Every structure is written in structure tokens, then in C-alpha cells.
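Heads up: numbering here begins at 1 and tracks the sequence. Just so it is clear, the model here is predicted, and its values are computed rather than measured. Whatever order the structure lists ligands and atoms in, that order sets their numbers, starting from 1.
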Amino acid sequence: MALDLTGGITGNARRLALMAALGAIWHCPSALAQAQAQQQRPQPKPATTQTIDFNKSSTAGYPWSDTADFRNAKRGFIAPLPNNGVIKGKDGKVVNDLSKFEFIKQDQPAPDTVNPSLWRVSQLLNISGLFEVVPGIYQVRGADLANMTIVEGDTGVTIYDPLTSAEAARYALDLYYQHRPRKPVVAVVHSHAHADHVGGVRGVIDEADVKAGKVKIYAPEGFLDAYIAENVYAGTAMGRRSSYQYGFMVQPGPRGYITSGLGSQTSAGTGTLIPPTDYISKTGEKRFIDGIEYEFLMAPGSEAPAEMLWYLPKFKLINTAEDVTHNQHNLYTLRGAKTRDALKWPGYLNEALRMWGDKYEAQIAMHHWPTWGNAEITKLIKAQRDTYKYLHDQTLHFANQGYTLNELPEKVKLPKALLDNWATHGYYGTTSHNTRAVYNYYLGYYDGNPATLNALPPAESAVRYVAAMGGPAKVLAMGREAFENGEYRWGAQLVNLVVFSDPDNQEARNLQADLLEQLGYQTEAGTWRGWYLAGAAELRNGVKKGPTAQLASPDTIANMPLDMVFAYMGIQLDAKKAEGKEITVNLEFPDINEKHTLYLENSVLNHWPNYADSNTDATVTLDRSTLNTILSKGTTLEEAITAGKVKVTGNRARFADLVGSLTNLNDSFWFNIVTPNLEPQGVIGRALK
Ligand SMILES: [Zn+2]
């Protein structure tokens, strides 16, 4: 999530493009369509013979004879997604179009340009529609990145995890109602605080019914804080990085985006939030929801900061939330987020085995397909548990022998016993980046070598490397040789030097794109494929800037604590503009009876809550609801002042000076990734260039 707190002075296009908020993305269909419609030249290329060979040989030992996942993904099928998987909003705009994935045929082998294992999971993710898990429990799969689960109770239905957008959640519920009795939604249970499990809540319930006590919303303790906080401060960077991870700038297709590995893609549309009415806080806590007994297991700090699993004795069903899915998940997500705790995660799965290991007969998760049968479920949970535990233990095992961040992927490989289980495969997370995540979680980014302690910035060192190697033509010749030899990792490292030393060198950019593209065709991970192919597209065609984003939904902004709003203002502060300024501003919010003081000094913005400074330069009075409207771009600060909704007493110029020192970071959304943002600064670097 990224907010513009610069007083609404800059222009904005609502609902653009890309949002990384809290583990998922909202993107604007029009911006997406626009970006995808742009002819990309030169076009993606075929797989090389080395890539074809790699895809065959690297996956030959995989457990291809185990096709249980396909049986399970199809089991209980009731109906396909309506309208060919095209989901539209009230205004007729398309918010998700699953028909774009029709090229992933069930009965066809992987194209040369797709890792066969990634193709396999993408085939599984393409098995979509309404399914019965057990009589009384249903899932809509494939309408969004996550699943929506519907549980039939005494008086109505309970929804688990209402997808990313209100439109997608409504579409999923309508599909259910076409085939099951139309009973009202009486409860929503959020398994965790990621937007792909929350944002569609207003598509299935009305807030008025929640306020009237007719509908309850259950969530793990810490849910609201986690939902709002996880990605606020780094929101713009995460949003931009997500455009790579999820391949938004790359057309779906055999030479383009396949799936994320976790789900096909997130829906666009309206992201919403209604604060929960009931929090679950203790493992072993029991509740009756619409007459059905629940037993909960808290899993904070695992896949999400606030997450829980639960068991329904009546159905002998365990919901493993997102802690047990059919792939190796992320201990660190490449779009960016705080690294997860690889020791707590398997610990919670041990608790699940102890609590319910002799009871369950059906398992669901909030992504992928269910598993049935006690032994099969235990096998799945243990494989997931031991994948994360192995990554944790073996990373530290080797870190304690001195191996460092970028050496660990060569040392830590999953054992055959785990790799024989498809659910350990790195479709979303990978062993390579997860082992580095564990290292970073415990030891940080520094490898301990003083040579890297104060290394030159990337472009500066690239200029010098290229000069030392005899100039760009020589480096490109070496890069072409690496391509011919199928040494794409090495080639990409070489040619990156030329691109970073001279980002306008299109010959270098095209060669780098070719190298990254083959790596994309070879990777098993949907996320890595996204990074490689998005990088290739931007090297070939440049950064295609969409409209500026307004990324946080009005519901999210309305629930954001003011402390967080003011903390984010500190991040927006342009320290150079603020240099030498000392400004004190009191803020009063009559509707919520709160007072805050902001202090600008030393090019830093500090905030004191519950305080009004008697020596203030200006006092600004506005309702919290007015602030929400400004932050949601419903009005600008200037308009609100003119309309009398914001009153400024004292020195107005000083207040304006403070607001004028803030930068709208959303304007930087389309920053460079495969080319430098910082040009060579040093004297020698400039001379060489
Ligand atoms: Zn999810």
C-alpha cells in the first residue's frame, strides 16, 4: 500500500495498476489492458536447445507417476466458473479474465518455453469452478489468486477468505447460490491478514448487518494492525516490485506469464475492509459459528503476521490456511516484505499434528486444492513442516560453518525424500531465495567480508568492470558466447555490467533480455519467471509507465491509525527541502476527540500524540473523516480549506511550508529495476563513461 499524504496536490488516477499491499495485488484492468495492448518489440523468442535440454533433464527425476493432485483438484466438481471466467464489475469493467489462461491445456505437455513442473502446477491451478469438499463445505477455486470457502451452518452460510475484490467475491458467491440453497451469509472468517483473503468482504456482506449484530467477522488477534501495517511504509517499492513478480507487464502465454504458482492471478476491482467483530487469540480456543464447532490454532509470524488454522469436528476437516499448501511457500517474498519465521512455522504444524493428527479426514487450504484421507493429509503436513524446518536448520548449519548469503543456495538443497513430494517444490517460494531468507533473518545482509562492506554502487562498479575488461564490445562478445553455451546465469551477470554502465546501449539490453528470458523459461517458480520475463520486456521496450497509483483503498485508509499516517509523512519528507526549517503544527480532530503535534526540525518530522504544543506555529482543525477523504483523493487539501472543512489558524504559511516539504512517492512508482536509478557518481566513473 502506498499513500499520498502530500495534501492531494498532485494528480492521481485511482485504481491503477499494481498493489502489493499485504501479500496481494490489486490492479486496474484498464491500465493492465493498456499495458498489455502495447506491442512489445522485439517479441519474446523461442527456447534454445540448452533450455529444452535443461527443462527435460532437470525435471526427469520428479515424481511424475504421482498424479493424486489432479484427482484431488477435480474431486467434487459441481460447476465451472460462469461467463468463461470473465468477472465484471457493476460498470461492466472486467476485473478478472481467466479465459486468458485457456492455453494451459490439461492434456498437453509443457511447451519448450515452460519448465514442465511449473506447467504441471499451472494445469492444476487451471482446474477451476465450484467444488464440494465434503457435504456442507464448498470451494470456489480459480476466480482469484485465493480460494473462497463456503460452509453451510444452522441458519446460513459462513465464508472463509472472501478473495481480493468485492466483485470477485460476489461472483464466487453467486456461483455457489446457483447450485446450493440461497441462505444468508451470517459470518466471515479471515484466516490471515493478506489482501487476497480480505479485500472482497463487502462483496458478500453489508457493514450495516455487521453493525446490527446479524453478521459476525472472525479473525486472528492482531489482524487489523497486520493488515494495515505490513507494507505501508515501503508500499510504493513493493507495488513496483510486484509488477515484476506477478508479470503484469507480460502477456499470459507460452512465452509469457503462466501463473504465480500459488494461483492464477489476483482480481482487480474494489478492495474493501470491514473491521472484525470477534478476535481469536488462543490456541485451543473453541467457538460455535452458526451452530458449527471450531477449534483454533494460532500461527502468528508464520506465513503472515496474524494467521490461524482451525478444525471442524463435525466435518473432520482441518483448514491449514496458507501454512500448508501444495508448494514451497515464501519465507521471504521477492516483491518485498519482512522475512518470516522459519522456525515458528513448522512448530505450528507440529501443533496441528498433535491436536488433530488422529482426527482429520479432509484438509483445505486457502490456495490450491484439498486433500482427503488421514494418512494423505498427515503426509502433506509433514512434508510442508519439514521443508521449512529443513531450510531453517540447514541454512544455520552451514551459516555456522561460515557459508554466506549467496553461497547458501549451492549448499542447501532439499533431500530426495522431500523432493519426491510435489508440495515441496518451489512454485512460489524457492529453496534458493528461502535459504537466503533464513540467513538474512538471523544474520542480516552482510556476508562479513570487508571487501563488500563499502562496495561501490552498482553503476559505478559496472563502469569500472567494463573498462577493466576491455570495453563494452568485448564484454558483449563474452556475453554472446555465454548465451551460445547456455550459461545464462553467467551471461546475465556479465551483460548486466554493460547495461548498468550504459543503460542506453540497446544492443546490450537486447542481449541481456535474451539471457533473462531463457532463465525465465527454465525456472520452476512462477514468481521467478515473472521477474525474468518482466525484466526482459523492460530491457527491450523500456519502462511502460502507467498512470500514477492511488493504492490504498478508502476502507484501509479509514482504519489506519493516525500514528501510522504521521509516520508515513516522515517517510515522505524531502530532507533537502526541509533543511533549516523548524515548524510546529498542532492538529485537532474534533470528531474523534484527538490532538496531535507535528515537529519539523533537523530535516526530521516527529509526532507527539495526545498533545497540543502551546508554542505552535499553526493549529489545523479538521475531522478525521475529512482527512480520510483527502487521503482517498476524494478532495484536495486546498479544496477542503476553501470549503471550510479544514481550518488553519496562526501562521498559514508555516503550515503550507510543512506540507510543501512532502513528496508524493507514488510519482516514483515506475522506478528502474533492470537499469540503474543512480548514475555513476565518482570522478573516475564519470570519466570512464
Ligand atoms: Zn494468499
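Aromatic ring orientation, F223 versus Y227: parallel (interplanar angle below 30°, classes split at 30° and 60°). The aromatic rings of W369 and H326 sit parallel, their planes meeting at an angle under 30°, below the 60° perpendicular limit.
A donor-acceptor pair shorter than 3.5 Å can be found between the side chains of T320 and Q363.
Note on E322: its N/O/S atom closest to the Zn ion (ligand 1) is OE1.
Residue side and main chain included, H192 places no N/O/S atom under 2.8 Å of the Zn ion (ligand 1).
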Check against side chain to side chain contact (heavy atoms under 4.5 Å, CB included), L349 and Q384: CA-CA 8 Å; L349 300 185; Q384 289 269 292; 4.1 Å; yes
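Seen from the Zn ion (ligand 1), atom OD2 on D196 and atom NE2 on H197 lie at an angle near 90° (rounded to 10 degrees).
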